[in-house]
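Below is one structure, written out as structure tokens; comments come after it.
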Amino acid sequence: MSFRERLADLIRGPKIANSTPLPQITRNSSTWGDYVSTISKIPALSEQTALTISAIYACVNLISGAIAALPVNIYAKNITDGDRTRLFDHKLNWVFNEQFTARWSAANAWEFLVMSLLLQGDAFALIIRNPSAEPIGLEPIHPRRMTVALNPFGDRLVYVVEAENGNGKTLENGYKVYDQDDVLHVAGFGFDGFRGLSPLRYALRLVGGVSFAMQDFSANFFANSARPDYALTTDQALGTAAVEQIRAEIDEKHKGTQNSHRPMLLHSGLDLKTITMPLQDMQLLESRKFQLEEICRIYGVPPFMIGHNEKTTSWGTGIAEMGAGFNRYALRQHTIKFENEINRKLFRVATRVAEFDTTDLERADTKTFYEGLRIAVGRAGEPQLLTVNEARAEMRRNKKDGMDTLVTNGATSNATQQTS
């Protein structure tokens, strides 16, 4: 099914399995705006054009890559006292950390879901279940293929998924409907009960559009060998044929980088006049720097983390402090939503929880890290907070026999020696 056919189906309002028509595209709808709307003569960004802007690409790549690199741990939780035990043998450990489905490795899938969230405002994944209805995999779905609606009773969401590649060969009308319990839906800021606000449509609409326009201007300027626009003037009266001949001659002999700096031979009393504003008056570089800072502000990423080193960070100077700040202010608002959706859709019980492990992101330098572990296992008579084996686990070392109990203060010096 071609793009025009899919667009026509939406306009006609085709029927789906439960006889609920799909949303129609009207002149004032958000979908109409996605296709044709402009603001201040600046075209709306698409996912493809947005990623040609280095600041947007860097922010999305940084956040999605950081989340994809975080392990997802599963815990058994005691609802009486809150104690938790990590489950190393849970079946979903493989799904979260190694492979969503045969087509999707876990790292690529997490990157795709977070990128969808950061650009489109929503992340979707179908829950793959075995005959016993147990979740055994996840299949990421691009937000453009997903329509969110209410069921006929109006008390639950249903998700209408467009057939992949739009061929419609195996699905009725090219669509399939899923209940909300069979879809992971992580919505971004501004969730209205159906969808989150799309950064492409809102926060990045002008900021990203201006960045794209300046980037396009710079590319065209240098593609023209950094030569300013000009006009040819003359006191003589030139006929239409003469004007067309001069224009054709200029296009033939001076258009393109291969003809750069080729001298122009003027005749018929022609004189060349430059009609452009100097780049320093336009403050192009300063404007592009400001747009970079605006994009970083939208994503909560300090500019220095994407290579803009003119601005310092207020998160601290150490690696651990900057990592903790990045996790707290840029990542946590996203990871908490993924955790919440996973726990309520895949486990559905208070005794099982999944969490992103941010330990590595917030870990200090080696010297500080080891010093902290020495204190935790009890140094110089201080209370012991970790067993030796717990400290060794933080160091990714194997356990030692007899090192699984908290010892008294009198034995802490002996325990400390055995961590090495």
Side-chain angles (χ1 to χ4, degrees), residues 1 5-35 79 92 95 100-101 113 116-117 120-164 166-198 201-202 334 336-354:
M1 183 182 293
E5 291 172 333
R6 297 199 302 272
L7 187 61
D9 278 349
L10 287 175
I11 294 175
R12 287 195 304 266
K15 301 292 184 178
I16 57 178
N18 63 356
S19 299
T20 301
L22 288 171
Q24 298 185 26
I25 297 178
T26 59
R27 180 172 294 273
N28 295 322
S29 68
S30 60
T31 307
W32 176 277
D34 288 341
Y35 286 117
I79 60 175
L92 289 180
V95 175
F100 272 30
T101 64
L113 291 175
S116 298
L117 181 63
Q120 304 289 349
D122 295 277
F124 298 100
L126 300 180
I127 300 174
I128 311 300
R129 300 183 185 275
N130 63 17
S132 300
E134 297 175 332
I136 58 173
L138 298 169
E139 180 184 349
I141 300 293
H142 194 282
R144 289 290 190 188
R145 292 176 53 203
M146 186 73 73
T147 299
V148 186
L150 289 173
N151 69 354
F153 302 101
D155 58 347
R156 294 177 65 83
L157 293 177
V158 292
Y159 292 83
V160 186
V161 183
E162 180 184 357
E164 196 165 19
N167 53 37
K169 293 181 179 178
T170 58
L171 303 178
E172 182 180 355
N173 292 325
Y175 299 93
K176 190 171 183 179
V177 183
Y178 293 86
D179 181 75
Q180 65 178 33
D181 285 345
D182 293 320
V183 178
L184 286 186
H185 177 194
V186 178
F189 171 75
F191 179 65
D192 61 359
F194 294 93
R195 303 290 288 258
L197 294 179
S198 167
R201 191 184 303 161
Y202 292 95
H334 307 304
I336 189 65
K337 293 178 181 179
F338 279 102
E339 291 170 358
N340 183 248
E341 188 72 354
I342 288 171
N343 292 337
R344 78 188 191 102
K345 294 286 183 68
L346 300 185
F347 299 130
R348 304 188 65 82
V349 291
T351 56
R352 294 290 184 274
V353 293

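Note that these values count all heavy atoms, side chains included, but never hydrogens, waters or copies made by symmetry. Model, not experiment: these values are computed from the prediction.
Distance check: L184 CG to I127 CD1 gives 4.5 Å after rounding to the nearest 0.5 Å. Note that CG of L113 is 10.0 Å distant from CD1 of I141, once rounded to the nearest 0.5 Å. Rounding to the nearest 0.5 angstrom, the gap separating the CD atom in Q180 from the CG atom in N151 is 8.0 Å.
Results of the side chain to side chain contact (heavy atoms under 4.5 Å, CB included) test with E162 over R144, R145, M146 single out R145 as the only residue that passes.
When all heavy atoms of V353 and F347 are compared, the pair lying nearest together is C-CE1, 4.0 Å. P143 approaches R195 most closely through the heavy-atom pair O-NH2, 3.5 Å. In plain terms, the two heavy atoms of G190 and L197 that are nearest each other are CA-CG, 3.9 Å. The minimum heavy-atom distance between P140 and L138, with the atom names listed, is CD-O, 3.7 Å. Between L157 and Y159, the shortest heavy-atom contact is CD1-OH, 3.6 Å.
The shortest side-chain heavy-atom distance between F100 and I128 does not fall under the 4.5 Å cut-off. Looking at L117 and F338, their side chains come closer than 4.5 Å, going by heavy atoms from C-beta outward. D181 is listed as a side-chain neighbour of R348, based on a closest heavy-atom distance under 4.5 Å. Residues V161 and F124 fail the side-chain proximity criterion, which asks for heavy atoms closer than 4.5 Å.
More than 12 heavy atoms of other shown residues, nucleotides or ligands fall within 6.0 angstrom of atom CZ in F194.
In this structure, the salt bridge (Lys or Arg N to Asp or Glu O under 4.0 Å) partners of R129, at least two apart in sequence or on a different chain, are D182. For the ring-ring contact (aromatic ring centres under 6.0 Å, His included) test, residues two or more places apart in sequence or in another chain that qualify with F191 are H185.
Between the D122 side chain and the G196 main chain, a donor and an acceptor come within less than 3.5 Å of each other.
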